[in-house]
Amino acid sequence: MISSSDLKAIVALLDEGRDVDAWIAAQDLWRRFPNLTMAGFVHAQAARFDRFMPRQHRVYVLRSFTVEPVLQLLEAAAALAGIRLTTEVGEFNAVAQEVFNPASALYAAQPQTVILAQQTRDVSPLLWTSVLADQSTIDDEVARIAADYRRLIDAFRDNSSAALVIHGLERPAYAPAGALDSQRAASQGAGVAAANAALAALCREYRDVYFLDYDALVARHGRLTWTDERKWLTARLPIAAPCLPHMAQEWLRFLIPLSHAAAKVLVLDLDNTCWGGVIGEDGMVGIKLGGEYPGAAFVALQRVALDLYARGVVLAVCSKNNPADAMEVIETHPEMLLRPSHFGALRINWTDKAENLRDIAAELNLGLDSLVFVDDNPVERERVRQALPQVRVLDMPADPMDYAAALRACPWFEQLSLSDEDRERGRYYTEERARRQVMDEAGGLDGFLRSLEIEAKVAPVDALSLARAAQLTQKTNQFNLTTRRYREEDVAVMMASDGWIVRTLKASDRLGDSGIVCVGLVELAGATARIDTLLMSCRVIGRGMETAFLADLIAAARGAGAGTLEGSYLPTAKNVLCADFYPNHGFERVSEDADGGVIYRLDIAASPVETPAWIKVS
């Protein structure tokens, strides 16, 4: 249990100005005691932890059951993950009334994410209680459920562009028909599964509508322990107290990507993390790595890392080791799943790991908050927490057999869509490592850039590139002049308008294809064109792509009849890299705007911007 002395100790640290220590202590307490007492404490101290919560997000919950205790836990879990949530709850069991009424509290709240949490007993009493329904009745009921949800989603989309997370239906712990249920084709279990399949397919038809597999969540934590019938009958709260944190965590898995707080890099230790033992002492034969116990635990961890790699997570190594010994395992050990080609950065040396993590972030052109650090050694983990509170440090279990499950459950890598660029991201960073080696051998930047044979393909955003364009507006921070975030449907509206230039740049060179790396959104207003968004992926910084892309946008604005091009720089904590972008390209400073940004203007006819000689644009 949480003791008052633990909480007082955190307050004392805050009073002494040791906010990093207090933050680490609060996170540790939450990991051990994710309960309402701790949630209340986090909420009470939220203002003092403000600098650790750089993101804000508004959430509205439509519900058919009591969710207020879950929201308290959710707000605390989100706060300790760096997200300040503002939450509101709809009226009890009034989903349709709120969704179909444009003047309802739902739309007045202007949420960024809406969670639609309903139970099977409320959505379909027939599927919840029917003992021996025939197949035709079940089919009709599934069709009715899908049609009802379609009407809800359509009405919601008419009034809001917020993301919508829809709970699926759950089965009861015991089927009303008992063992007979699973013997029949027209079973309750099959009916709930069919309804969930229909809802999941329906969600996929809409942008920013997502299916939460509530039945899988209940099953994962145990149907018999998930529910509390007494709480349901007395407080309309169907979830047992010990399972409330699991519900909050499941919501957080969606809110992390929706609030753009997902991590991008998994940084792995090697000894006793990726394999058992110490390579410098045990040698290739002595380390534990293989299909049997205990080596199977480390193979399982690597398999999870490979799954993340396939989803676009960049892998890196941060290990205190002799480089030659460690690389021999990575390159040649027959049971090793992770090979050099999987890693975008390698730091195998005897340097302090916090310093190595800084170097990895700089090498990948990413912020420290993009990194998740995995190390079996609690001393190393604590060192990183103290030195780099921005880095997410995964608290590893004592038993290596639990490593894979801990990484699999980590919410920081969650994503709700997967583009072609996501699938190839690991390869992009591996190729970038090869480019750095070529640059070292070339002896100079100019010779290196010319040797790359860079090609840039500029094109209007279309149905194939829409998802990637929207994703870049949501994730790009360092080279992003205004950091305005757009969903797919927002960009789609611009695409369909004659008043916008909506373009991307795809980069490639002789070492590989970098995919779509630049997005430009330019609004046309008579003789003036205004750059709303100009951004570039950090993985191509330093090659002149931004200049080539700007030259194309200028030409497009000229072709649309504009004589003047305006652009704004809105400073953030992360985009100082592009603070001088407009002055360096011949724009004149005009004024400051209401957002604290600086407005620049360019006479298109006198533009000095040209595509760099080493880039071929097509």
Next on the checklist: Test side chain to side chain donor-acceptor pair (under 3.5 Å) on Thr87 and Glu75; report intermediate values, then the result.
Outcome noted: CA-CA 8 Å; Thr87 62; Glu75 289 174 3; 2.4 Å; yes
Report yes or no: does [X] contribute a side-chain atom to a donor-acceptor pair with the main-chain N or O of [Y] at less than 3.5 Å?
X	Y	value
Arg223	Arg171	yes
Gln302	Leu337	yes
Ser465	Val461	no
Thr273	Leu270	no
Asn101	Glu98	no

Next on the checklist: Looking at Arg31 and Asp395, is any side-chain nitrogen of the basic one under 4.0 Å from a carboxylate oxygen of the acidic one?
Outcome noted: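 Yes, charged N to carboxylate O under 4.0 Å.
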Item to check | Criterion side chain to side chain donor-acceptor pair (under 3.5 Å) on Gln118 and Tyr149, from CA distance to verdict | outcome: CA-CA 11 Å; Gln118 298 188 102; Tyr149 271 87; 3.1 Å; yes
Checklist entry - Which heavy atom of Cys274 sits nearest a heavy atom of Phe298, and at what distance? => result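 The answer is O-CB, 3.4 Å.
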Validation: residues 231-248 side-chain donor-acceptor distances under 3.5 Å, sequence neighbours left out:
| from | atom 1 | to | atom 2 | distance (Å) |
| --- | --- | --- | --- | --- |
| Thr234 | OG1 | Arg230 | O | 2.7 |
| Arg236 | NH1 | Trp232 | O | 2.9 |

Checklist entry - Given the rule in the side chain to side chain donor-acceptor pair (under 3.5 Å) test, do Asp6 and Ser3 qualify, once you have shown the distances and angles that lead to the verdict? => result CA-CA 5 Å; Asp6 288 331; Ser3 68; 3.0 Å; yes
Checklist entry - Looking at the rings of Trp23 and Phe52, which for Trp means the six-membered one, are their centres under 6.0 Å apart? => result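 Between Trp23 and Phe52, the centre distance is under 6.0 Å.
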Checklist entry - With sequence neighbours left out, which residue pairs that include part of residues 298-311 fulfil the salt bridge (charged side-chain N to carboxylate O under 4.0 Å, His left out) condition? => result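 Non-adjacent pairs meeting salt bridge (charged side-chain N to carboxylate O under 4.0 Å, His left out): Asp307-Arg408.
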Checklist entry - For Asp148, what residues pass the salt bridge (Lys or Arg N to Asp or Glu O under 4.0 Å) criterion, not counting sequence neighbours? => result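 Salt bridge (Lys or Arg N to Asp or Glu O under 4.0 Å) list for Asp148, sorted by chain: Arg144, Arg151.
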